[in-house]
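Reviewing the structure listed below.
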Amino acid sequence: MGRGEKAKIYIPPFRLEKIMVEKGLADYFEQFLAKKPLFKDKKALQPNYSPDTIRHRDAQMKQIADILAPILREDKPSNIFIYGKTGTGKTLCTKHVVENIKHVASQRDLPIKIIYLNCKLKKIADTEYRLIAQLAREFGKAIPPTGLPTDEVYNIFFRTVDEKKQTILLVLDEIDQLINKIGDEILYNLTRMNETLKKSQVCIAGVSNNLMFTEHLDPRVKSSLSEEEILFPPYNALQIQNILRQRAKVAFQPGAIEEGVIEKCAAYAAKEHGDARRALQLLRVAGELAERENLTKLTMKQIDSADRKIEHDRVFDVLSAQPTQFQATLYSALVISQKRKGPIFTGEIYDLYRSLCQKTNLAPLTQRRVSDIIAEMDMLGLINAKVISKGRYGRTREITISIPPSMNHQIRKTLEEGLALS
DNA sequence: GTCAATTCACATGAAAGAGACCACGGTCTAGTG
DNA sequence: CTAGACCGTGGTCTCTTTCATGTGAATTGACGA
């Protein structure tokens, strides 16, 4: 009864609507065209943009290239493992090197197959079955999205790979997320592929955000996967500035950015462990804001608003993707946090959640599950949870809300609507 | 006062079930020549 | 005769429950000084 039903979260309409209603659509577009654009080529700020030259990563690129180069002589390169926090250029560099190998290989007509897979992509490579199926598809096999036994897909994949002599480089991005979810068996199977294959050979390059990732790995997998390791350290503020300037030159019209804006952007990002992606996003969103406000120059003020907007969007994106139960739990946490100061504990949330379920006719989950949901909220950065022991009074999570207070009200309202509370 | 045992309130793990989705092969049905 | 509809079986995936085990320090209570 009422189990598993999902409610879409209500997302407030775009601010644009106001302008359109007031002045009319045609006028609005006229104005839009009359505006002098700030952007020249916004692509350069998009996360998947790949610049011609990659800065401050020469050493890492060279290392990767050194390790992978034997592939061109049809030797099997060492498996390699690449670490680094988000926005340190791992994916970018890896892709860059791989592209170059591809280029050379195709010029010389070498039997090299390179597959890049992002394991985080929902519905593509986030389970064992889907990953292997996707790999098999890369070799031109049609694999149904479900319905086949996993071993069968493995077999198809192995057979296809071994049909002719070739060297395969498998780049698995965000591999830590995958292994966290489904265990390391898949890696074990993949690293052992070479023993079964007669003609071909496979080399694996794992890319991970989590520095401690290999700790929980099966020792056999660990040793074979991390034959070589490369660390991508975070950028410092100066390096981020450099990168921002390089991209801004392509992205913006000359003179569109006020003095000091880049520095500020870099400082913001450097605070968050040198995440270049975030710096670029900040600059792009700030630019969009400035453009929407009809400004001729991008100023510091927009950086601040952009920072807020990004956080706001992130929270609402996360929220709208979560099921009702998750929302109910978060709502409970929010209510308690507003009722009184100080940290919240799992038990309190669960109690309130139970009574909330009664009120809304929602089938209540067990505490076990709610505990997991709270852990998920922590992962998503909505709350901050730390497991503490209160001695005689048990062990629990100490939870604080990490959503900016300015958004609290709006989120509560959204959740209330989602949960059909009044 | 000191020290080990106890105890609380959950955390954390493992396994398994429910229900949705899907592929495949076999059977049935209706339409066609 | 054949294409398509309609099953039943067996598979995955996600969310969840059930059962079991783990855990860190405040508290307790026995002990000796």
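In what follows, chains are A, B, ... by sequence order, proteins preceding strands, each numbered from 1.
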Any base atoms under 4.0 Å from Q367(A), or only sugar-phosphate, or nothing? Heavy atoms, all strands. sugar-phosphate
Taking only the side-chain heavy atoms of R392(A) (C-beta and beyond), determine which of dT16(C), dA26(C), dC10(B) contains the nearest atom. dA26(C)
On the side chain of R395(A), is there an atom forming a donor-acceptor pair with the base of dT23(C) - under 3.5 Å, no angle test? yes
Atom CD1 of I182(A) to atom P of dA14(B): distance rounded to whole Å? 15 Å
Result for 5'-nearest mapping on DNA chain B, choosing between G391(A) and P145(A), is G391(A)
Does either side chain, that of E174(A) or that of N209(A), offer a donor lying less than 3.5 Å from an acceptor on the other one? yes
Side chains of E128(A) and Y154(A): do they bring a donor and an acceptor to under 3.5 Å? yes
Atom-pair distance (CD1 on I388(A); P on dA9(B)), nearest Å: 13 Å
Atom pair distance, as rounded to whole Å: CD1 in I373(A) and C1' in dT16(C): 9 Å
Can you check the F345(A) CZ to dG24(C) C1' distance for me, whole Å? 15 Å
Residue-phosphate contact under 4.0 Å: Y393(A) side-chain N/O, dT27(C) OP1/OP2: yes
Check if the side chain of R368(A) and the base of dG13(B) share a donor-acceptor pair of N or O atoms closer than 3.5 Å. yes
Starting at CD of E398(A) and ending at P of dT23(C), how long is that distance when rounded to a whole Å? 21 Å
For the side chain of R130(A), starting at C-beta, report the closest nucleotide among dT12(B), dC13(C), dC8(B). dC13(C)
Spacing of E152(A) atom CD relative to dC24(B) atom P, expressed in whole Å: 10 Å
Check whether any side-chain N or O of S389(A) sits under 4.0 Å from OP1 or OP2 of dT23(C), and answer yes or no. no
Measure CZ/R369(A) against C1'/dA15(B) and give the value in whole Å, please. 16 Å
Where each residue is assigned the nucleotide of DNA chain C containing its nearest heavy atom, which of D372(A) and K390(A) is assigned the position nearer the 5′ end? D372(A)
Quick check on dA23(B): is either OP1 or OP2 less than 4.0 Å from any side-chain nitrogen or oxygen of T146(A)? no
What class does the angle between the rings of F252(A) and F39(A) fall in, given that below 30° is parallel, 30 to 60° is tilted and above 60° is perpendicular? parallel
Between K43(A) and N48(A), a side-chain donor and acceptor under 3.5 Å: no
Would one find a side-chain N or O of T150(A) under 4.0 angstrom from OP1 or OP2 of dG11(C)? no
Rounded to whole Å, please give me the gap between CZ in R397(A) and P in dG24(C). 14 Å
Are T88(A) and R57(A) linked by a side-chain donor-acceptor pair shorter than 3.5 Å? no
